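Bear in mind that the values here come from a model prediction, so they are computed numbers and not experimental data. Residue indices begin at 1 and follow the sequence shown. We use all heavy atoms of the structure for the numbers below, so side chains are in, but hydrogens, waters and symmetry mates are not.
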Amino acid sequence: MSNTVLKTSRRNFVAHKGRMVLSAVAVLLSVAFVCGTLVFTDTMNTTFDKLFAVTNSDVTVGPKAAESGDETPDRGKPEMLAGSAVEQVRKAPGVKSAEGGVVSMAVTVVNSKNENMGSTTGAPTIAGNWSDNELKSMKITSGQAPRGPTEVMVDADTAKKHGLKLGDELRTIAVTGDTRARITGIATFTVTNPGAAVVYFDTPTAQQALLGSADSFTHINVTAQDGVSDEQLKANIASAVGADTYKLQTAKEAADANRKDVGTFLDVMKYVMLGFAGIAFLVGIFLIFNTFSMLVAQRTREIGLMRAIGADSGQVLKSVVVEAFLLGVVGSVLGVGAGVGLAVGLMALMGQMGMQLSTDDLTIAWTTPVVGIVLGVVVTVISAFVPARRAGKVSPMAALRESGTPGDKKAGRVRAALGLVLTAVGGTALYLAAAAEKAAAGSLWLGLGVVLTLIGFIVIGPLLAAGVVRVLSGVVLRPFGSVGRLAERNALRNPRRTGATAAALMIGLALVACLSVVGSSMVASATDELDKSVGADYIVASESGQPVLPQAEQALRATAGLDHVTAYRQVEVKLTAPDGTTEETGLGATDPTYAKDIRRNMTAGEHAAAYGAGSMSVGSLYATKHHVKLGDEMTVAFTGGRTVKLKVAAITSDEGNLDKGMAYISTETARANVPADRMPLPFMLLATAKDGQSDAAAYTSVKAALGEYPQYVVRNQADYKQALKDQVGQLLNMVYGLLGLAIIVAVLGVVNTLALSVVERTREIGLMRAIGLSRRQLRRMIRLESVVIALFGALLGLGLGMGWGATAQQLLALEGLKVLEIPWPTIIGVFAGSAFVGLFAALVPAFRAGRMNVLNAIASE
């Protein structure tokens, strides 16, 4: 009998292949997203692994400070080694060669037009000395290596991207000053360069231009003699120069450290993308569930006949499950192939953005297709199990009835009750989240509330459909007269099917609405905070996080029309409270004018008092936690500097979000306790125009003063607000793009439901056509039915999402983001767009319905 079941399943699968196509596409898209994500991230890992494997020498010797945590990257210079260390290392047993290296990422490279040659993707700009070690990963393909202070070499990718050629002048801006040199060579990576911009000088020029020292290096590249392992060489060097004198790494250790830094970012990206693939799978479940539910209902008489001739319920169930298995296999196999294509497309997109990834490094692990196929098949079979189980319960007497089985009213009541309970519990969890006094506890309630309300709405969908669709129909469909009423009755004929179809769209739109509310509230809160707290007219900072160089600060301070300029830097300290608690933290070291530029509410004392000699401020949360009050002394151990006692002269309120929790000291206090060579550079400058000075004139002057330094962006308060809005908008657009996959699958679900519904109602359609319904009216009826289902899903999704977003904003309010803003234009636009989604989804089913032969339709079973 098992052979009969298999043959029946294959026959039904082939016979209904047209009806299965859209479900297979849903499986294909979901599997493609999973496999594409895995291939793409694996390829990126391979790219970086190859790069790290060839760029590291057998053993790298670096400054001990980089290992001990004393390194202060915002000083504008890397940690350095004395030149004499090269000879020390060279004398160690097993050393074939030792070569001093210079590398700095605290640089900006501009062309003759003052345009930044750095990457726009966040990859660093790297300047260094050309050495034998570079030949492991690069080769000179044009010109020659630099041989003096006026010569520089650039990597081929950067040259191609910015149109650089031999003889062009580049200016390298570093804390030590500007270096102008002409391009004498172009070097090409022999492995893939993920996007960094690289320039090379000869060694003496690199030492002077990047380190400001003619006898220093940032590291030493050591090559082992034949037969000496990297581990042995490292041990030999440690014995020769002292185990704790320098930071020693084998090639593997250096590669692992670099891989760990990059791997964290890649893992976050991978899991975020897989999360959206999971949402697409969840939406696909409803599509597959609806498809098999309708197929089972349409084949009730056929299944009844199978039962009448001896097939038991288990065999019928197996037959439907095997059909689902076949669908899952076909969709998943195609999805794996599409996933590889998607990965290649993502690589091409990254290439357009500046991150170069080669298809030569395309990595398809054996686990990727296995995961994709297993996931696709399992999800498909699970989605079809309930309809399959329902098919197994069809009795032999069903062969004597019309196709379609009456709904189980008892099961419907149980479902409605369960949905109401889940929704109520979820709503309670959301209320508790909004009322929470601590964000951590509230986040747990929020997560529980989101899950339960989502499941509750899915379960209660059929019950909601009966009421909401009637209300929507009264507004949307009734103006279309009898055709609109027919569309309404069709949508209400099977509330379970309508609820499941709408639920697929609801999930995607709920997430869109939630994120829109959170994003808009974040922007509105930050804007409100800026209006209340920022008194400075202009804010100067680097978007890539580079510190402000002394020459740029001097240029700004020399600008006419400014009342004052405030430098804001952060110094690392170990802070010991009067209760004996010690913690590592950062202190804001600013000029006294910062008290004018930023209006901080005070819990005790005056903000300006924190900038007196031997004084500091602390935040109110810290003060409460450690019982700190005005006049108490704090022990402050400056990293790389002195340990002193400072008096608490002010306690700032942490009610707002700007600089929340920051403790302040004056720049002079920091200079008195931190050696000059360890003093960090400011990461931001604040400037205020003189009273009576034209804002436009002052703004123009500030921009002109910093015109030579394109790495810094000058913003007034309006610019800063717009930048915040743009950043959040870009992030939301990326998220919406990823959610678009789930919405596409939801649209396929509407198409599939309508297409199968048309087949199910073939005879009914024929009768309506026979009594005078025109093709145009028929098509309009199906389109209107689709629109009302789409609007029903949108209404549920947007309402649910706004509830989630409002609750999430209440948690953000605990962190200072107190303004709730509902982006009504976005919400209304999405709702209106859902009507167009419904229209689009109905195009093909409506067209096919209109082409039916009336007599054949009436004669169909």
Side-chain angles (χ1 to χ4, degrees), residues 44 47-48 51 55 76 102-130 134 137-202 205-206 209-210 346-359 541-546 549 551-552 703 706-714 730:
M44 289 191 71
T47 298
F48 283 108
L51 181 65
T55 52
V102 177
V103 64
S104 175
M105 291 186 285
V107 296
T108 301
V109 178
V110 300
N111 62 11
S112 57
K113 297 178 182 178
N114 206 43
E115 296 169 337
N116 196 334
M117 297 293 98
S119 169
T120 56
T121 62
T125 298
I126 303 172
N129 67 319
W130 180 255
E134 307 306 320
S137 59
M138 305 196 78
K139 62 179 179 180
I140 300 174
T141 51
S142 182
Q144 61 187 20
R147 295 178 297 183
T150 61
E151 297 184 359
V152 67
M153 185 159 62
V154 66
D155 74 278
D157 292 331
T158 300
K160 180 180 179 181
K161 180 180 177 182
H162 296 285
L164 299 174
K165 59 185 184 299
L166 297 180
D168 287 351
E169 185 180 77
L170 294 180
R171 178 165 62 100
T172 303
I173 308 169
V175 69
T176 51
D178 292 5
T179 302
R180 295 179 184 273
R182 293 198 176 275
I183 300 173
T184 60
I186 295 176
T188 302
F189 277 89
T190 55
V191 292
T192 302
N193 170 24
V198 187
V199 295
Y200 292 105
F201 299 97
D202 68 338
T205 303
L210 305 178
L346 287 172
M347 290 165 62
L349 178 63
M350 296 300 286
Q352 293 295 319
M353 296 171 61
M355 178 177 281
Q356 305 299 324
L357 295 171
S358 172
T359 51
S542 166
E543 291 191 317
S544 62
Q546 288 193 20
L549 298 177
Q551 55 266 43
K703 284 196 167 186
L706 293 170
E708 287 291 298
Y709 307 99
Q711 67 268 46
Y712 305 120
V713 179
V714 179
Q730 288 172 5

**Student:** Pair Asp202, Arg147 - check side-chain contact (heavy atoms from CB on, under 4.5 Å), show working.
**Tutor:** CA-CA 6 Å; Asp202 68 338; Arg147 295 178 297 183; 5.7 Å; no
**Student:** Is the shortest heavy-atom distance from the side chain of Tyr709 to the side chain of Ile173 under 4.5 Å?
**Tutor:**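 Yes; the side chains approach each other to less than 4.5 Å.
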**Student:** With no hydrogens and no angle check, is any side-chain donor or acceptor of Thr176 less than 3.5 Å from a backbone partner on Ala209?
**Tutor:** yes
**Student:** Within the 4.5 Å heavy-atom criterion, are His162 and Val154 side-chain neighbours or not?
**Tutor:**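 No, too far: nothing below the 4.5 Å cut-off.
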**Student:** Evaluate side-chain contact (heavy atoms from CB on, under 4.5 Å) for Asp178 paired with Glu708, printing each intermediate quantity in order.
**Tutor:** CA-CA 10 Å; Asp178 292 5; Glu708 287 291 298; 5.5 Å; no
**Student:** Whether the side chain of Asn116 engages the backbone of Pro710 through a donor-acceptor N/O pair (distance < 3.5 Å, no angle test) should be reported.
**Tutor:**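 Not confirmed, Asn116 side chain does not pair with Pro710 backbone.
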**Student:** What residues, two or more places apart in sequence or in another chain, satisfy side chain to side chain contact (heavy atoms under 4.5 Å, CB included) together with Ile140?
**Tutor:** Trp130, Ala145, Met153
**Student:** Find the distance between CD (Gln711) and OG1 (Thr125) and round it off to the nearest 0.5 Å.
**Tutor:**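 Those atoms lie 10.0 Å apart.
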**Student:** Closest approach of Gly76 and Ala106, non-hydrogen atoms and distance?
**Tutor:** O-CB, 3.4 Å
**Student:** When rounded to the nearest 0.5 angstrom, what is the spacing between CG in Asp155 and CE in Met117?
**Tutor:** 12.0 Å
**Student:** Hey, could you give me the OG1/CG distance between Thr179 and Leu170, rounded to the nearest 0.5 Å?
**Tutor:** 11.5 Å
**Student:** Working to the nearest 0.5 angstrom, can you tell me the gap between Arg171 CZ and Asn114 CG?
**Tutor:**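 These two atoms lie 5.0 Å from each other.
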**Student:** Write down the atom of Ala206, the atom of Val102, and the distance for their closest heavy-atom approach.
**Tutor:** O-CG1, 3.9 Å
**Student:** Could you tell me which residues satisfy side chain to side chain contact (heavy atoms under 4.5 Å, CB included) with Ala156, sequence neighbours excluded, listed by chain and number?
**Tutor:** Ile186, Thr188
**Student:** Which heavy atom of Leu164 sits nearest a heavy atom of Asn111, and at what distance?
**Tutor:**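 Heavy atoms of Leu164 and Asn111 come nearest at CD2-CB, 4.4 Å.
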**Student:** Shortest non-hydrogen contact from Leu706 to Ala552?
**Tutor:**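 Smallest interatomic distance, heavy atoms only, reads CD2-O, 3.5 Å.
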**Student:** Would a distance-only check, ignoring hydrogens and angles, find a side-chain to backbone donor-acceptor pair under 3.5 Å from Gln546 to Val107?
**Tutor:**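 Side chain of Gln546 to backbone of Val107, a donor-acceptor pair under 3.5 Å: yes, one is there.
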**Student:** How close do Pro146 and Phe201 get, counting heavy atoms only, and between which atoms?
**Tutor:**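 Answer, listing the atom of Pro146 first, then Phe201: CG-C, 3.6 Å.
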**Student:** Roughly how far apart are Thr55 OG1 and Phe189 CZ, rounded to 0.5 Å?
**Tutor:**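 With rounding to 0.5 Å, OG1 (Thr55) is 9.0 Å from CZ (Phe189).
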**Student:** Ile126 and Ala196: which non-hydrogen atoms are nearest, and at how many Å?
**Tutor:**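 For Ile126 and Ala196, the tightest heavy-atom pair comes out as CD1-CB, 4.1 Å.
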**Student:** Check whether any side-chain heavy atom of Glu151 sits under 4.5 Å from a side-chain heavy atom of Thr205, and report yes or no.
**Tutor:** no
**Student:** Pair Lys165, Asp168 - check salt bridge (charged side-chain N to carboxylate O under 4.0 Å, His left out), show working.
**Tutor:** CA-CA 6 Å; Lys165 59 185 184 299; Asp168 287 351; 3.5 Å; yes
**Student:** Identify, with sequence neighbours excluded, every residue that meets salt bridge (charged side-chain N to carboxylate O under 4.0 Å, His left out) alongside Glu169.
**Tutor:**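 Glu169 satisfies salt bridge (charged side-chain N to carboxylate O under 4.0 Å, His left out) with Arg180 only.
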**Student:** Please report the interatomic distance CD(Glu134) to OG1(Thr190), rounded to the nearest 0.5 Å.
**Tutor:**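 So the gap between those two atoms works out to 11.0 Å.
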